[in-house]
Structures are given as structure tokens and as C-alpha cells.
Novice: 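Once you've had a glance at the structure underneath, I'll fire off some questions.
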Number of protein chains: 2
Amino acid sequence: MRMIPKSSPPLLDPEVLRRRGLRLTGPRRLLLEVIRSTDVHPTAEWLYRRVRRRLPRVSLGTVYRNLRFLVEEGIVKELPGPTGRSTGASRPSRFDGNTSVHHHFTCSACGRIQDLSEPVDRSLDRRMTARTGHDISHHRIEFYGRCAACRVRRGRRSRARNKR
Amino acid sequence: MRMIPKSSPPLLDPEVLRRRGLRLTGPRRLLLEVIRSTDVHPTAEWLYRRVRRRLPRVSLGTVYRNLRFLVEEGIVKELPGPTGRSTGASRPSRFDGNTSVHHHFTCSACGRIQDLSEPVDRSLDRRMTARTGHDISHHRIEFYGRCAACRVRRGRRSRARNKR
DNA sequence: ATAGCTGCAAAGTCTTTGCATGTGT
DNA sequence: ACACATGCAAAGACTTTGCAGCTAT
């Protein structure tokens, strides 16, 4: 669980917003701050809890609305949803404040998603474009397996599926 | 829209099922047949409609139950959900009867998902395992861009987001 | 005969939305 | 001031589930 730095790098440029007739409100600014300050690929629910620590009156609806907003502006990425198991319709979206193109590793035991710094191979896109006739702009590699931690506690699956 | 062959290759081996005390019922057999006969990465709803053409009494619940079952048995794969836009909570799961490891191309204009035959690079898994300390078993590459068809009708986004 | 399945409908989870009120600019 | 945001609660979309009756084995 990381500390939230007082202020992240670029943040929402009020200039950019104004140009579109949009506002930089408290909830919006804070949400972005929170999502930029973690690498756990949080769910809306997780972000909601975090945001409420500092702005207790914020509603879940506002978090969703702003997430949708940030995703549409390309300021935040939404991950290709976790596949598989579920109770109810349980596969909440996960968001990522790191918009640089990068790859992911998902642990099938504890469910954690980790960023990988493996450099992106642009030439692969060009090769596939040539081969398929599609205009391929980028790709994303998802690695799967058992993370180092879960590898240690062999056997029993961790219950850590990161709530909180 | 492809025709459904009368009978697909391996299908559900009744032998395997029996060993687990499971049954090969009409809906189950047909569902697998349908999902094996298409490459559109259908949603549960799509499969439901298809199955009902031949077994009109089948319920959506049964389709879901069997999909979950087939996924758990590893007979069918569930795709990492389409990310992004939505109305309601609209991002239904997509399933894939092709269980061989392969990659996907998703068209950002029409939403279609196409299988790619790009050979899988196992050595990448070994390299990443060495680099990260995680026990990586496989990876999946998702390519994004504009498909050949949408490239032609430049501009206006297709409404084809494959229903039916 | 009987455990596993199914159909049906109700419940559950995650996400969006309508509306009255609040608030950046 | 006033258009955009918010809070709240209700509605929506997708998926699972409880139960009584059905059916492969």
C-alpha cells in the first residue's frame, strides 16, 4: 500500500479542460491523484474508498463518471477485464494511471496484476500489419503464471485477491 | 455467418465426463458444437440465440451454467473482456472454442475480434520468467487497430458491432 | 433409481443515469 | 450567472442461483 504523494507530475491540465468547457473539481482532481499514485490496477470500488478518505462526501457514481471521463480523454487506461471466475457478475474493471504502453503479468493464484517494463516491439506491429492487411497501431502482451510470492507458498491459493 | 457442421471433431468425450460423474446432455452437447463451429468469439447471448434454433426450450441460465462449466474444464476459453465504452454495464464476456494458444486482433472501429495465427514465442515466456522471477506459463498478445474492412469505409464508424 | 441438469424466475454484482442541488470559472 | 459536476437513488446490463421437476446413466 503506497503513500499518496502530495501532487503528481502533469495532473489534469486546467488549460486543456477549459478548452473543452470542462471543470477541474475536487473529486476529479483527487481521483486522478489517487490513481496516479498506485500501481495495483485498482477497481472503481477501491478508488472510491481511497478518495473518500479525503473527501468523505464523494459518491460512487461520481467515481464511475470521472473514470469514464478520464478513460475517454485517454488520461487513464482501462484494463482488458480479468477473465474467468466470478460470483454474481463479479469481474469489475480495473484502471491504470500509467498510460505508457506496457505489458502485464497476471498471477493466476493471487490475481495480482503487475506492470512489466519489457520494451515494446513496434516492429511486431508493422510485421502484423503487412501480414494481415489490418492497420495495427499497437499491441499489448499479457503474461500469465504464478508470481514469485505465490510460488513460495506452493499449493494453497492465496486469498489476497487484493481487496483494499 | 458460418454453417454449423453436423458434428465437430473431438467434442465432449462422454468417457471423460462419466469419470467425473457428469452428464452429456442435449443443451451441453449442442452449446459446445455451436461454439466450436464459429470464430466470432460470441457472447453468451449470441450462443443462446444459436442454441435455441435447434433446442427452443433452452434457457439463458443453462447457457451460462454450461459456459462456466466448459471454461472450468478448459474446453472453452473466455476472452479478456473488451475494454472501454458501455451503456449499462455493457461489456459481456466473449468465449472462444479454439483453445489452442493464439493471439487476437481487435478492430477499434467495428469491435470485431479476429484470431491471428502468428506463432507463439515460447522463448519469450522463458526470458520473462528469468527476468521477473515469476513462473510464467504463457502469454497472449492483443493487437489493436483498424481492420481492413473498416479501413476502406474510412471515417464513419461501422455499426456492425456484431450482434447476431 | 438417483445424482446431475434444466427451466424459470429471482437475486446479485457492477455500472450507468435522471434529477435536483451545488460549484468552478 | 450558468453550464458543468455532484450526490443520491433508481434503473440497467450481465451473470449467477434456488428450487421443483426432468433425464442421462
Side-chain angles (χ1 to χ4, degrees), chain A residues 12-32 42-49 51-52 54-73 78-79 81-95 161 163, chain B residues 12-32 42-49 51-52 54-73 78-79 81-95 161 163:
Chain A
L12 265 187
D13 182 356
E15 191 46 57
V16 175
L17 289 179
R18 213 168 309 135
R19 214 178 309 149
R20 310 205 192 193
L22 302 174
R23 292 185 200 160
L24 185 49
T25 61
R28 183 167 291 171
R29 184 208 302 283
L30 179 52
L31 174 63
L32 184 59
T43 62
E45 190 59 40
W46 189 97
L47 291 164
Y48 173 57
R49 290 196 300 263
V51 166
R52 284 183 72 125
R54 289 213 255 158
L55 284 179
R57 312 182 40 64
V58 167
S59 71
L60 186 53
T62 291
V63 169
Y64 272 109
R65 244 178 325 228
N66 277 306
L67 280 172
R68 208 44 76 210
F69 164 83
L70 291 170
V71 167
E72 251 141 45
E73 298 296 314
E78 186 172 3
L79 302 188
T83 271
R85 113 294 36 179
S86 29
T87 307
S90 178
R91 7 200 296 298
S93 278
R94 286 172 177 281
F95 300 87
R161 299 202 177 271
K163 272 276 178 178
Chain B
L12 266 188
D13 183 355
E15 190 46 57
V16 175
L17 289 180
R18 212 169 310 134
R19 214 177 308 148
R20 309 203 192 194
L22 303 173
R23 291 184 199 163
L24 185 48
T25 62
R28 183 167 292 173
R29 184 209 300 284
L30 179 52
L31 175 63
L32 183 58
T43 61
E45 189 59 41
W46 189 97
L47 291 164
Y48 173 57
R49 290 196 300 264
V51 166
R52 285 183 72 124
R54 288 212 255 159
L55 284 179
R57 311 183 41 64
V58 167
S59 70
L60 186 53
T62 291
V63 169
Y64 272 109
R65 239 173 332 224
N66 278 306
L67 280 172
R68 210 41 78 209
F69 165 84
L70 291 171
V71 167
E72 250 141 45
E73 297 295 315
E78 186 172 3
L79 301 190
T83 270
R85 103 331 353 205
S86 28
T87 306
S90 179
R91 11 201 294 297
S93 278
R94 287 173 177 281
F95 300 87
R161 301 203 177 269
K163 272 278 177 177

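All chains are named by letter (A, B, ...) in the order of the sequence lines, taking the proteins before the strands, and each is independently numbered beginning at 1. All values below were derived from every heavy atom in this structure, side-chain atoms included, with hydrogens, water molecules and symmetry-related copies excluded.
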Novice: Can a side chain N or O of B/R68 be found less than 4.0 Å away from OP1 or OP2 on D/dT16?
Specialist: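 For D/dT16, OP1 or OP2 has a side-chain N or O of B/R68 closer than 4.0 Å.
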
Novice: Which atom pairs link the protein and nucleotides 19-25 of chain C when you take only N or O atoms and keep those under 3.5 Å?
Specialist:
unit_1: C/dT23; atom_1: O2; unit_2: A/R23; atom_2: NH1; d: 2.7
unit_1: C/dG24; atom_1: N2; unit_2: A/R23; atom_2: NH2; d: 3.1
unit_1: C/dT25; atom_1: OP1; unit_2: A/L24; atom_2: N; d: 3.3

Novice: Among all residues two or more places apart in sequence or in another chain, which pass the side-chain hydrogen bond (donor to acceptor under 3.5 Å, both in side chains) test with A/R65?
Specialist: none

Novice: Considering the terminal five base pairs at each end of the helix from C/dA1-D/dT25 to C/dT25-D/dA1, what angle separates the two local helix axes, rounded to 10°?
Specialist: 40°

Novice: Could you tell me which residues satisfy side-chain hydrogen bond (donor to acceptor under 3.5 Å, both in side chains) with A/T62, sequence neighbours excluded, listed by chain and number?
Specialist: A/S59

Novice: Counting side-chain heavy atoms from C-beta on, which of C/dG7, C/dT15, C/dT6 comes nearest to B/V58?
Specialist: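 Shortest atom-to-atom distance from the side chain points to C/dG7.
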
Novice: Do the side-chain N or O atoms of A/Y64 get closer than 4.0 angstrom to the phosphate oxygens (OP1, OP2) of C/dT15?
Specialist: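 For C/dT15, OP1 or OP2 has a side-chain N or O of A/Y64 closer than 4.0 Å.
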
Novice: Applying salt bridge (Lys or Arg N to Asp or Glu O under 4.0 Å), name anything that partners B/R52, two or more places apart in sequence or on another chain.
Specialist: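 Here no residue qualifies.
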
Novice: Got a sec, which residues hit side chain to side chain contact (heavy atoms under 4.5 Å, CB included) with A/L55, two or more places apart in sequence or on another chain?
Specialist: A/P27, A/L30, A/V58

Novice: Could you work out, with side-chain hydrogen bond (donor to acceptor under 3.5 Å, both in side chains) as the rule, every residue matching A/Y64, not counting sequence neighbours?
Specialist: none

Novice: Tell me the interatomic distance from A/R57, atom CZ, to D/dA5, atom C1', rounded to whole angstroms.
Specialist: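 After rounding, the reported distance stands at 14 Å.
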
Novice: If you pin B/T62 and A/F95 to their nearest nucleotides in DNA chain C, which one's is more 5'?
Specialist: B/T62

Novice: Who pairs with B/R20 by side-chain hydrogen bond (donor to acceptor under 3.5 Å, both in side chains), at least two apart in sequence or on another chain?
Specialist: B/E73

